[in-house]
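Written below as structure tokens is the structure these notes are about.
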Amino acid sequence: MAKITKSFAKERIEQLRHELEEHNRNYYILATPVISDFEYDMLMLELQGLEARFPEFASEDSPTRKVGSDLTDTNEGFTQVEHRYPMLSLGNTYNEEELYEFHQRVANVARVPFTYSCELKFDGTAICLIYKEGRLAQAITRGDGIKGDDVSRNIVSIESIPHILHGKNIPAEFEIRGEIFMPYEAFERLNADRTAAGEAPFANPRNAASGSLKLLDPSKVKERGLDCILYHLLGEDLPFSTHSEAIEAAASWGFHVSENSIEAKDIEEVICYIEKWEKQRKNLPYATDGIVIKVNQLDLQRQLGYTAKSPRWATAFKFKPEQALTEVLSIDYQVGRTGAITPVANLEPVPLSGTTVRRASLHNFDQMELLDIRVGDLVYVEKGGEIIPKITGVEFSKRHADVQKPIFPSICPDCGTYLERDPEQARHYCPNSDGCPTQIKGRFIHFVSRKAMDILAGEATISLFYDKGLIRTLPDLYRLKAEDILGLDGWQQKSVDNLFSSIEQSKQVPFSRVLYALGIRHIGEATARMAANTFGSIDALASATREDLMQVEDFGEIMAESVVTYFANDANRRMIEELRSFGLQFALSEEEESPLSDRLSGTTIVISGNFSISREEMKALIAAHGGKNVSSVSGKTTYLLAGEKSGPEKLKRAEKLGIKVITEEDFLKIIEGEKA
Ligand code: IVH
């Protein structure tokens, strides 16, 4: 075993915990993982190893001891409900040796012969269904394992979940847990529809399933074609002595259970089952990511019990990410919204983990060099967390002698401008931000977004208006006429009216959001607010020097430089004048200008959850009393202002850092001058 110093271990443990928390958030809350499950499990394994070797750094709060949470910060519309029995996770392994070790641990406790139930590990989102007197009473997501979101109204539209049970010996009250998933066919259909509507496709069926379950409109959930397989029955005094008996009974009452589970009498049979399904899972109509092995005898399950995070009577054997070998047909170079160029390989279509892969990202020039990839090569593709699969290597033994090294373009494939390379990063950029169609469209998409001008137009609308020549610079939005749009694909009087009313309303959007909407590089929502409050108007901001700008709280050199460069451009100044002539707000309003008080001066406040006023209004109120609103809890935060259904992650973090948590009532007292 390699020698590791204590201080290195401490640092690495902290880093891994932080990374894993981030990945949990990406996976469970944002439903957009950025690494593959395999990569995640390897990080977790490293952390477990370090915590075992250095028990002095153990922490109750470590991701090795908690289940990842899917509770959302603003899960409007869903009530949080405490689970009667915690919803835990499963220990997992990728190799047989560890499976034998699991078996040994079980065998050491067992005094009588026992068997295993071997089941597929369905790759979806866990659900807990509560039945009372034979009727579905409530459906709760896993949440953080202790409490979950009540998604009963959405569950009702999943056909395979029975509302009323039929059959013999149905317990008066019980819970049944299982997995909600989206079969490949429904997933492909959904993504095709989303892409056609200009919406971002889901990265994989699992994200599509968990995203669909949290939709606010149950009729939309119905259209998504979700399915559910149940695999765990819980309750007081249930009349079963084995898990498989319980599942058989559940099937007889009308539940959809897996037809592929078996009872294995020894670990060798378990291994045979794994080997069989490692090959055959490709033929299933839904995604699986491993095999679950459960002790079948419920008495023995009780004896083995649980760790803080998972049962000792079950484990998961995870499949390694599937790879496929296919040919590179060509390489495209795509322009992103900020002008960054991404090489993308077009591949001979190849089936991989249930879908057909046709394209794979090559990320940037350096990555292409590293892989030494050429058109005509046979390459290995793997699915990670992202929508576009990765190319992990080239099969050099199959390379033809005549393949040519690809030439990275020197000009933008969209507008023909010479590319520039950012010396700090591996990226090439198109500098023609004012003339390059992709970049122009990107600017509009940002401008109309909810946190900016909140105009009812999505990516598809912006593309359509651009392609019809209706929009080129931002003020063109305010020049649109109904007759330009009526009759365009999908546009009727009602949608035109809605669009125009949102454009009209955008003229009242406060200065700080207008500033953010302009899309000045490196100026985000919070920094735009700081700049607006400091300078008061666009004219003052436009004439500020680099040094003036550096005085603004949170402004660094890069931001200051970016603002100066933006206003040094005449075209930008002209555009602002045009927008001003349409009535947009380019100065703080009187109310904003004369702060209501300075009672929050010097305070930094994070808000979480819902309040009696909107979140935007709450932010404005904080600013009006001289406070600063930021999005994440850190050591510098003064208060966490927690409303209804505030995020557990933020609360936990505040508690950990000793940050004071205040309610809306406390907040009102503070701004009214009383002590909270
Ligand atoms: S049993 C106490 N059986 O895998 C744990 N879980 O990584 C009981 N899963 O949270 C879970 N297929 O969402 C069980 N056949 C199966 C499963 C399964 C998928 C999921 C489940 C669980 C996760 C753990």
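If you're wondering where the values come from, they're calculated on a predicted model, not measured in any experiment. Both counts, for ligands and for their atoms, begin at 1 and track the order of listing.
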Checklist entry - At the 4.0 Å heavy-atom cut-off, does L120 count as touching ligand 1? => result yes

Next on the checklist: Between S152 (side chain only) and A139 (backbone N and O only), is there a donor and an acceptor less than 3.5 Å apart?
Outcome noted: yes

Item to check | Candidate with minimal heavy-atom separation from atom 14 (C) of ligand 1, of F122, F181, Y231, Y85 | outcome: Y231

Next on the checklist: As an exercise, identify every atom of ligand 1 less than 4.0 angstrom from a heavy atom of P311.
Outcome noted: 2 (C)

Next on the checklist: Does only the side chain of R177 get under 4.0 Å from ligand 1, or the backbone, or both, or neither? Count heavy atoms.
Outcome noted: neither

Checklist entry - Under 4.0 Å from ligand 1, counting heavy atoms only, is it the side chain of V292, its backbone, both or neither? => result side chain

Checklist entry - Is a side-chain N or O of S160 found less than 3.5 angstrom from the main chain of C228, in a donor-acceptor match? => result yes

Checklist entry - What are the atoms of ligand 1, with element, lying closer than 4.0 Å to any heavy atom of R142? => result 10 (O)

Next on the checklist: Checking a contact table here: which protein heavy atom is nearest atom 5 (C) of ligand 1, and how many Å away?
Outcome noted: L90 CD2, 3.9 Å

Checklist entry - With a cut-off of 4.0 Å, which atoms of ligand 1 are near a heavy atom of E179? => result 9 (N), 13 (O), 19 (C), 20 (C), 21 (C)

Checklist entry - Where on K121 is there a heavy atom closer than 4.0 Å to ligand 1, on the side chain, on the backbone, on both, or on neither? => result both

Checklist entry - Looking only at protein heavy atoms, which one is nearest to atom 8 (C) of ligand 1, and how far off is it? => result H232 ND1, 4.0 Å

Checklist entry - K294: heavy atom below 4.0 Å from ligand 1, yes or no? => result yes

Checklist entry - Is there a donor-acceptor pair closer than 3.5 Å between any side-chain N or O of Q80 and the backbone N or O of K645? => result no

Item to check | Side-chain H-bond candidate by donor/acceptor type, Q297 with S241, under 3.5 Å | outcome: no

Next on the checklist: Between T64 and E51, do the side chains contain a donor N or O and an acceptor N or O under 3.5 Å apart?
Outcome noted: yes

Item to check | Donor-acceptor pair, side chain of R177 and main chain of I127, under 3.5 angstrom | outcome: no

Checklist entry - Going by the atom numbers of ligand 1, which of them fall below 4.0 Å from some non-hydrogen atom of E119? => result 3 (N), 15 (N), 16 (C)

Item to check | Q138 (side chain) donor-acceptor with I130 (main chain) under 3.5 angstrom | outcome: no

Checklist entry - For S117, does its backbone N or O pair with a side-chain atom of N296 as donor and acceptor, under 3.5 Å? => result no

